[in-house]
Number of protein chains: 2
Amino acid sequence: MSSDKEVTIYDIAKRLNISPATVSRGLQDHPAISKKTKKRISEMVDEMGYRSNHFARNLRQKQTNTIGVIVHELNSSFITSVLAGIEKVSTEAGYDLIITHSSESVKKEAANAKNLFHKRVDGLIASLAFDTNGLDHFKPFVQKGVPVIFFDRVEQDGDSTVVVIDNVQCGYMATNHLIEQGCKRIANITSSLNRNVYAQRHKGYQDALFDHGLPFDKNLLIIDNLSEQGAISSALQVLKLKPLPDGIFITNDFVAAVCMKVFKEHGLRIPEDIAIVGFNNDAISKLVEPALTTINYSGMDMGMIAARNLIGHLEGVSNIHHTNTIVIRSELIIRKSSLKGG
Amino acid sequence: MSSDKEVTIYDIAKRLNISPATVSRGLQDHPAISKKTKKRISEMVDEMGYRSNHFARNLRQKQTNTIGVIVHELNSSFITSVLAGIEKVSTEAGYDLIITHSSESVKKEAANAKNLFHKRVDGLIASLAFDTNGLDHFKPFVQKGVPVIFFDRVEQDGDSTVVVIDNVQCGYMATNHLIEQGCKRIANITSSLNRNVYAQRHKGYQDALFDHGLPFDKNLLIIDNLSEQGAISSALQVLKLKPLPDGIFITNDFVAAVCMKVFKEHGLRIPEDIAIVGFNNDAISKLVEPALTTINYSGMDMGMIAARNLIGHLEGVSNIHHTNTIVIRSELIIRKSSLKGG
DNA sequence: TTCTGAATCGCAACCGATTACATAAAAAGT
DNA sequence: ACTTTTTATGTAATCGGTTGCGATTCAGAA
């Protein structure tokens, strides 16, 4: 309603009988302005309730001090901690964040990218959607020289900088652990093999089988779409296998939790009948019963590193075009869902 | 790298031998521009790779077509669905969104508010942090006439418009259900009673006890801080009660899930020894064992309604100052965690 | 007292789009 | 053929900061 006129540096200048340029410089703590003048300006700013106009500033400077973020979903503790990491670093460096999510759809991902591009973010940090195939919608950024860093879900196109974990090794660790527990017939429930993370985890799974002389049975590979419904049908698909597998590597904790529920409803005991290993160490992995063995890696670190590299590049202290892949540490957390020995 | 100069409407005008004003009007589909000219403009726009400059536009129009959102956390399916609802409505209406989260801290909430204020969002939708007390940090919006709508976690200060559920009734329903299951000694694990939602749910709990002639024992009221650690100590606190309660109304699904885990570890059977009702129908409520009885309400609806009212106000078709409280439908979903009868 | 350089500050031209107002051209009316 | 509308486009001011360059002031040196 009310909304008195906005006060500008011109209003302040007039009241102080100085020029707007001086006010502007005073506000930026420019060395050419005397302390006395700065103090008078800052007092008048408070008195008149001035707020700077980002638009005028950005228009002039062609720089927004804003970083765009695109994630595939918000509702996992992993993503939340990545965001926390990005936020910590960028806030300290004086950058704002615009966070968007694609709901696992390329279409929305592209729309978000376009939007952030028009908002003229100084840089972009993104994790790809489930069905993203190709990086065309990020081309405009590359063309205008706006730096882009991908994390976790990335596209292996060689050109862009990525922050990831060693998914092959993780898949190997998980599968190897199941083998050590005595599993002979290990299934792999994972998601679209077009997504790097799932393809690589699956490769690790295969490698581990191979190294232990176990055959790879393609009937034991089940592709899931990460939804609750999808997880249920993946579980049912497992139940139809004859003989049943004695271990499953499921590359997503939520899916693993849903599967466990279905298995238990069908009278299977975990881990006795089927040992299970999940992925991501999501909050849910500790709450299901039995607690879920899973792969843990620090979202916070991943976020911080991505942000730090991006900002380093923006400020000219480093250059992301010299770095191609940054690998974060990851580990297997063993809980009851996979401990056959007892 | 590269980054050729940005192309502006002046460049387009020059190439087409028309004035920038015509280009601007053509881009806005202004009726005073002929179809022929519009076509030429749009072709040249594509050819030259023009992108409009939001800053120049906003500077001139003093309007951003952007709505700010502040939520307390991102990692719950409830909040995610609220965001989806807000997004649906605002995208259709042509508004952009800037989503921020306060990590349950007033301090960050205030910082976000300040930031969004300086970014000059046209309106604000917010759910308060855990420890927010007072709405002072939203004053600037009110003063400048920027509309603000709160949802779910709100402050009852009479002045602002809120979108909520009937928390008292929900608390009543939950407690009443436990009583119907034969519980005589019902605890209430909830969070800070300064937060409207928890205070009201607790009131519903008390009302239900009273209506059934059950005494209110303040030892059965446990205040939790919503963290995992907090939930664990809340559960341990329950275990120290003598005699043990035979039912608990826990006003948060995550906390309920953690508590259930602790109880089970201590040999209690759910619901036989302790019946439990949670709140929010989070994804986790279906995955724990036994499945958790809980209160369900549509985050999607809440988000859509909040956004629709805000935008309606911005476009002048409605006025949020005429509406004070909007109440969303809610329901009790009964699952095994509370079914003593079997 | 005069001169010199550092310390301060002002002038005015941007940044790119929007829009009230004026104008020119084309269509319609008499 | 001439005036009146209508249609289509141009002119120029404006939004609020930023900044290169020039001007002024003043203390200290000569």
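Chain identifiers are assigned alphabetically (A, B, ...) following the order of the sequence lines, protein sequences preceding nucleic acid strands; residue numbering begins at 1 within each chain.
Screening residues 27-40 of chain B for side chain to side chain donor-acceptor pair (under 3.5 Å) gives S24(B)-Q28(B), D29(B)-K38(B), S34(B)-T37(B) as the qualifying pairs, with residues at least two apart or on separate chains. Among residues at least two apart or in separate chains, there is no salt bridge (charged side-chain N to carboxylate O under 4.0 Å, His left out) pair with a member in residues 64-77 of chain A. Sorted by first and then second residue, the pairs that involve residues 77-87 of chain B and meet side chain to side chain donor-acceptor pair (under 3.5 Å), not counting sequence neighbours, are H101(A)-E87(B), K108(A)-E87(B), S77(B)-D282(B). Applying the side chain to side chain donor-acceptor pair (under 3.5 Å) test to pairs two or more places apart or on separate chains, those with a residue in residues 56-67 of chain A are T64(A)-D122(A).
Annotation: side-chain hydrogen bond (donor to acceptor under 3.5 Å, both in side chains) contacts of S19(A) (sequence neighbours excluded): T22(A). Residues meeting the side chain to side chain contact (heavy atoms under 4.5 Å, CB included) test with A129(A), sequence neighbours left out: S102(A), E104(A), E109(A), D131(A), T132(A). E47(B) pairs by the side chain to side chain contact (heavy atoms under 4.5 Å, CB included) definition with R15(B), M44(B), not counting sequence neighbours. Applying the side chain to side chain contact (heavy atoms under 4.5 Å, CB included) criterion to A56(A), with sequence neighbours excluded, gives N53(A), L59(B). Considering only residues two or more places apart in sequence or on other chains, F117(B) meets the ring pair (Phe, Tyr, Trp, His ring centres under 6.0 Å) condition with F141(B).
Taking 4.0 Å as the cutoff to heavy atoms of chain B, we find the contact window on DNA chain D bounded by dA8(D) to dG16(D).
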So if I define the base as every atom that isn't primed, P, OP1 or OP2, how would nucleotides 12-20 of chain C read as a B/S/- string at a heavy-atom cutoff under 4.0 Å? -BBBBBBBB

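Of the charged side-chain nitrogens involved, none lies within less than 4.0 Å of a carboxylate oxygen, so that K14(B) and D11(B) do not count as a salt-bridged pair.
Between dA7(C) and S34(A), no contact under 4.0 Å exists linking OP1 or OP2 to a side-chain N or O.
Summary for the helix from dT1(C)-dA30(D) to dT30(C)-dA1(D): the axes at its two ends, each from 5 pairs, differ by 50° when rounded to the nearest 10 degrees.
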